[in-house]
Number of protein chains: 2
Amino acid sequence: MVNPLVRKLENFVRLSSEERQALDRVVQNTRRLGPREDVVRDGDQPRHVNLILEGWACRYKQLEDGRRQVISIFLPGDMCDPHVFVLKNMDHSLGTLTSCLIAEVSEPSIREITAESRKIEEAFWWEMLVSAAIQREWTVSLGQRLATERLGHLFCELFMRLDAVGLTNGTSCEFPITQADLGDAMGLSTVHINRTLKELRAAGLIRLRGRQLTIPDFPALCSASLFDPSYLHFERDRSASAIGDS
Amino acid sequence: MVNPLVRKLENFVRLSSEERQALDRVVQNTRRLGPREDVVRDGDQPRHVNLILEGWACRYKQLEDGRRQVISIFLPGDMCDPHVFVLKNMDHSLGTLTSCLIAEVSEPSIREITAESRKIEEAFWWEMLVSAAIQREWTVSLGQRLATERLGHLFCELFMRLDAVGLTNGTSCEFPITQADLGDAMGLSTVHINRTLKELRAAGLIRLRGRQLTIPDFPALCSASLFDPSYLHFERDRSASAIGDS
DNA sequence: CGACGGCTTGAGGGTTCTCAAGCGATGTGG
DNA sequence: CCACATCGCTTGAGAACCCTCAAGCCGTCG
């Protein structure tokens, strides 16, 4: 199995084989979790960085009266908050959506690996800033986009992020998340998610059956959803000048 | 005039007078902007970190069809993206809401000051993580909270953030932002913002006239808005152990 | 004085919600 | 092996929340 973190970071920098090995060494303590289990709970003290190796997870927050908002979705290769240690307590929870394989990375090993390689340090920065950009784009979606645009935009985003770690086949990818969770993520009711999916299917923009998503015409879905991929910053612009140095 | 960045960071760490002076030295190139002017535009190359000294500014994104979402609000003492340099282009714009005094801080001086003082480095981390937490809470608001809760929550957040930089008087503070901008921030129409304010006023939860906001009963507004301040991480817990070292 | 920006209110319509019920697949225990 | 519970998906009906369009008001400023 290829370390999905390596795969993801190489969308930004070209890594030497030593750097790749260093990143592999970080993945030591792993644990397997079932679907809809908590990884870290709101109020807990953060102990380590959680790196998703397999499966889908999420950040979420539950209000007192039970309303639940999924704040971000984590895919293989995603690190959940590389620097939470600075804060005393978690202000949200991390939970799995599907069954997951998660690596627990300690703070010292993060410090170590970034101290050893400037390129990895910069790549970690890139990963953090892109996560923040994704969070901002969710704000735009929730604030401005209609249900069809909102869902379409999410499909575009997740498809591109899955593609960046090699988890797509042509126009298809696994999509193992329930309509209820989609609703909690998009601020829509389950019922309305269902109707919106029906509409997107009727328009020929997506196919979604079982746990398989197909986007037959990606540009069409992009423009229907006002999706502009530039916020994902998948440009490997600096790599040319960075090749060779460590 | 006290540097509001110093004031803000001291909510997290206790700074020595050298550290305070170092932070003051960062504030060299300042520029004054009128209301509703752009500071940095979507697509631009980031040149420096913008630090707000006076006035209110915001991050925003405009969709092709004109819809506009205010993604975050910046108050005095806020730094706009301390590490944007890693990314090639801005994926959003920064603009003023009111007339502003803004310091342009160069990348080298950020690196310098964090290299000199561990406490400042940690405080900058804290500021970044709190910004991210605020962004997450906006996601929760837009996704789950009703208009009254959403606005009430924003008032609570901004009041606490203003208090952290000494910009409140008892139960009141300046609130110099238009209902149209409030709408763009909360994903609501101007008309509905107006009606929601009316409702909050009728419930005795806020007074808002001119550019002055009063929250007569803060706990009441908190509970009406499901506001839990823990995500702002205004606990100076580590300062005791950190006093003395640099 | 007239123009303008921001605030306020009314009326009608649209998007999304809640409640309710039914269907199909999966899994478990008697 | 079948009965039954459970979970996720689907659909209908009516209501709630929020939107758009439109107009009027108030203060400021040139």
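Reminder, nothing fancy here: chain letters follow the sequence lines and each chain counts from 1.
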message: Checking contacts here: which listed nucleotide (D/dT10, C/dG6, D/dG8) is nearest the side-chain heavy atoms of B/T178?
response: C/dG6
query: Is there a donor-acceptor pair closer than 3.5 Å between any side-chain N or O of A/R136 and the backbone N or O of B/S72?
result: no
- prompt: Quick one: does A/I52's side chain get under 4.5 Å of A/L75's, heavy atoms only?
  reply: no
- prompt: Below 4.0 angstrom, N of the basic side chain to O of the carboxylate: do B/E137 and A/K61 qualify?
  reply: yes
Pairs under 3.5 Å (N/O, protein and nucleotides 25-28 of chain C):
none

statement: Tightest non-hydrogen contact, residues B/V49 and B/D81, listed as CG2-O, 3.8 Å
- request: Mind calculating the distance between CZ (B/R36) and P (C/dG5) to the nearest angstrom?
  value: 10 Å
task: Output yes when A/E149 and B/R67 qualify as a salt bridge under the 4.0 Å nitrogen-oxygen rule, no when they do not.
output: yes
Phosphate OP1/OP2 of D/dT20: any B/R67 side-chain N/O under 4.0 Å: no
Please tabulate the protein-to-nucleotide N/O contacts below 3.5 Å involving nucleotides 28-30 of chain D, giving atom names and distances.
none

field: Member of A/D42, A/D38, A/D181 meeting the side chain to side chain donor-acceptor pair (under 3.5 Å) criterion with A/Y60
entry: A/D38
- prompt: Is any side-chain heavy atom of B/L197 closer than 4.5 Å to a side-chain heavy atom of B/L208?
  reply: yes
task: Using a 4.0 Å heavy-atom cut-off, write out nucleotides 9-18 of chain C from 5' to 3' as B (base contacted by protein), S (sugar-phosphate only) or - (no contact).
output: BBB----SSB
query: Charged N to carboxylate O below 4.0 Å: is that the case for B/R59 and B/D91?
result: no
